[in-house]
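Here's the structure we're looking at; comments come further down.
Naming convention: chains lettered A, B, ... in sequence-line order (proteins, then strands); numbering from 1 in each chain.
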Protein chains: 6
Amino acid sequence: MKEEVYYGRGMKRVKEKYPDLYEGINKLNEAIYTGKKLDYKTQKLVAIGIVASKCDESATKKQMSSGMAELGITEDEIVDVLRVVLLTAGMPAFNKGMRILEEITAI
Amino acid sequence: MKEEVYYGRGMKRVKEKYPDLYEGINKLNEAIYTGKKLDYKTQKLVAIGIVASKCDESATKKQMSSGMAELGITEDEIVDVLRVVLLTAGMPAFNKGMRILEEITAI
Amino acid sequence: MKEEVYYGRGMKRVKEKYPDLYEGINKLNEAIYTGKKLDYKTQKLVAIGIVASKCDESATKKQMSSGMAELGITEDEIVDVLRVVLLTAGMPAFNKGMRILEEITAI
Amino acid sequence: MKEEVYYGRGMKRVKEKYPDLYEGINKLNEAIYTGKKLDYKTQKLVAIGIVASKCDESATKKQMSSGMAELGITEDEIVDVLRVVLLTAGMPAFNKGMRILEEITAI
Amino acid sequence: MKEEVYYGRGMKRVKEKYPDLYEGINKLNEAIYTGKKLDYKTQKLVAIGIVASKCDESATKKQMSSGMAELGITEDEIVDVLRVVLLTAGMPAFNKGMRILEEITAI
Amino acid sequence: MKEEVYYGRGMKRVKEKYPDLYEGINKLNEAIYTGKKLDYKTQKLVAIGIVASKCDESATKKQMSSGMAELGITEDEIVDVLRVVLLTAGMPAFNKGMRILEEITAI
């Protein structure tokens, strides 16, 4: 995944102050998206599903936003991910995901 | 999702003793997989990612098994989902997912 | 559960844009609160306990508010739920629940 | 809650080897079930809902078993708790709860 | 742990309105930090790791702040805890922890 | 962390079939335990606390076992970690941790 897509604000600090750790995260990141069968978009949809199922608001927002901006994931596709979130993680996670999606697409 | 795919052992009891609840779950289930953009296989991959990220052993086993048996999801594709699990949920969830996958494919 | 009680902001969008999914959620919802032994208030107390134990701030606020406004659940009763949250989910979940309750009842 | 109800196997060791900690847990336990508005059975139903929503198999089994044996909670009442678990935590947690309930009541 | 360190805003209310519960929490708290082998600072580092791995923002902030202010825990030491969080709970938890640490140390 | 300490059974398969991913995990692992202030034992105690707070049985067993076998962590020190687990994650997580510790030390 590209740095801007996955990395949050905190990563800038890691890069500057803890270059070894930053390097390790980068190596892992590369390996995660190298030599694989699924395309990047499908993996991103999985990532959106996972963070949304955890009710992690900021991570969900970041994943949705970058998925839409950089991979052309549509609102309907994210709703289809949230359908699975509803079934596997319940209404509160689904509700939160829908609200975040609404905020992102309202902009 | 087909009944056999998603429903666990406990659902037989729900069907017999709590038909209203069973009906409600079915209706939801239909709605979740109706009129949508993503194909069923992609949604299944999302479901595998979510349950694996929760370290839910029996649900992970069930989702992986049914995904491979009924939708032709391959071992490599599940590993690609587990790569995302590693990044978003850490090593213990990844390890558990790899071990379950190993047990399933060893049969 | 009544629509206003359980459904969050995101549900309006679901109703308009994804009527099938909305219908499925409604059917499930009905089944969950039909033909049962426990009264609605007890189920609501269980719901408050579950979302508070997950440290889900917005869901906890919504469940507490609607439980107090529509079912006459008292502050002391919610504290009794939070006692169980303390024992089963620890201090951070309990602390967060107490703070949310304080904010709601301060209004 | 009575010692046999809430405490698991590990607590015997705590009692023998870490009496201070054991005492602290007891004091907390007393406070949690003293001077409150909700009856013990309702709090137990909340506890069952919380541990079931976390997919914690052994804790769910223990809570359900002791609730049925000591407080006369019925199978139908536990199903009503699991309905709330379904709505707030999803199908995997509901499925697991139903399976555990089936195992307990099959004995 | 000292009251100011561990207890959040909600605890003042508990103290005033539910003295029995407050007393029980205090007794537990004492037992947790009495007659033990690990020093207080190490236990605090464990606590920071646990709440950060749960993505609990307010608890993480509180634990980090009090650990730095009262026990002299340094920024580098918290980063070392977050390294473990990264490995055991994934990037979103690590990212959130780094961002919170940045906010605290920016003041 | 040494390979035997942290890596579970599933990792052998990763090494053979997905060498790129294996390499990435190794690089991250190195970075996590390089150039840091906290000693390895303290980080291990944090790891035990995190997996125990998630009620992840197999990961908790693995972390405790390797910590005792390779780093000389004592039973009492693990109990001190579990005290923090009790406070931050509740009785079910504490109970499970105590039972696992009992099983390990009974051997």
Side-chain angles (χ1 to χ4, degrees), chain A residues 6 8-10 41-42 44-107, chain C residues 1-34 40 43-67 70 81 85 89-90 92-93 96-97 100:
Chain A
Y6 228 111
R9 264 202 296 157
K41 182 180 162 185
T42 303
K44 189 74 177 181
L45 293 168
V46 173
I48 292 171
I50 291 173
V51 295
S53 77
K54 290 185 181 179
C55 295
D56 185 335
E57 192 144 345
S58 57
T60 302
K61 194 169 185 175
K62 193 165 52 171
Q63 293 288 343
M64 285 185 184
S65 301
S66 63
M68 296 179 92
E70 304 190 22
L71 299 167
I73 292 174
T74 65
E75 189 185 333
D76 282 356
E77 288 172 329
I78 289 181
V79 171
D80 287 351
V81 168
L82 293 179
R83 290 171 198 255
V84 181
V85 169
L86 171 57
L87 207 59
T88 54
M91 279 293 286
F94 173 78
N95 265 337
K96 188 166 288 191
M98 286 301 298
R99 178 173 53 72
I100 292 168
L101 179 60
E102 204 176 316
E103 288 166 8
I104 291 173
T105 54
I107 299 163
Chain C
M1 248 172 228
K2 304 207 204 80
E3 194 180 318
E4 313 80 67
V5 182
Y6 227 112
Y7 298 172
R9 265 201 296 157
M11 283 305 288
K12 207 165 49 182
R13 193 192 198 87
V14 175
K15 193 175 187 174
E16 291 162 12
K17 300 188 64 168
Y18 309 96
D20 275 14
L21 181 55
Y22 184 78
E23 186 65 14
I25 291 170
N26 268 341
K27 287 279 183 226
L28 178 72
N29 221 14
E30 274 170 36
I32 278 172
Y33 300 101
T34 305
Y40 185 35
Q43 284 189 308
K44 189 74 177 181
L45 292 168
V46 172
I48 292 171
I50 291 173
V51 296
S53 77
K54 290 184 183 179
C55 295
D56 185 335
E57 192 145 344
S58 57
T60 302
K61 194 169 185 175
K62 192 165 54 171
Q63 293 288 344
M64 285 185 183
S65 301
S66 63
E70 305 190 23
V81 168
V85 169
K96 188 166 288 191
I100 293 168

Are [X] and [Y] close enough that some pair of their side-chain heavy atoms sits under 4.5 Å apart?
X       : Y      : value
L21(C)  : F94(A) : yes
M91(A)  : N29(C) : no
E102(A) : K12(C) : no

* **Gap separating the CG atom of L87(A) from the CG atom of L28(C), nearest 0.5 angstrom** =>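 Rounded to the nearest 0.5 Å, the CG-CG separation comes to 9.0 Å.
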
* At what distance, to the nearest 0.5 angstrom, does NZ of K62(C) lie from CG of N95(A)? -> 4.0 Å

* Asked: I100(A) versus chain C, heavy atoms under 4.5 Å apart: side chain, backbone, both or neither?
  -> neither

* Which of E57(A), K96(A), K54(A) touches chain C most, by non-hydrogen pairs under 4.5 Å -> K96(A)

* Is there a side chain to side chain contact (heavy atoms under 4.5 Å, CB included) between R13(C) and T105(A) once you walk through the steps? -> CA-CA 12 Å; R13(C) 193 192 198 87; T105(A) 54; 2.8 Å; yes

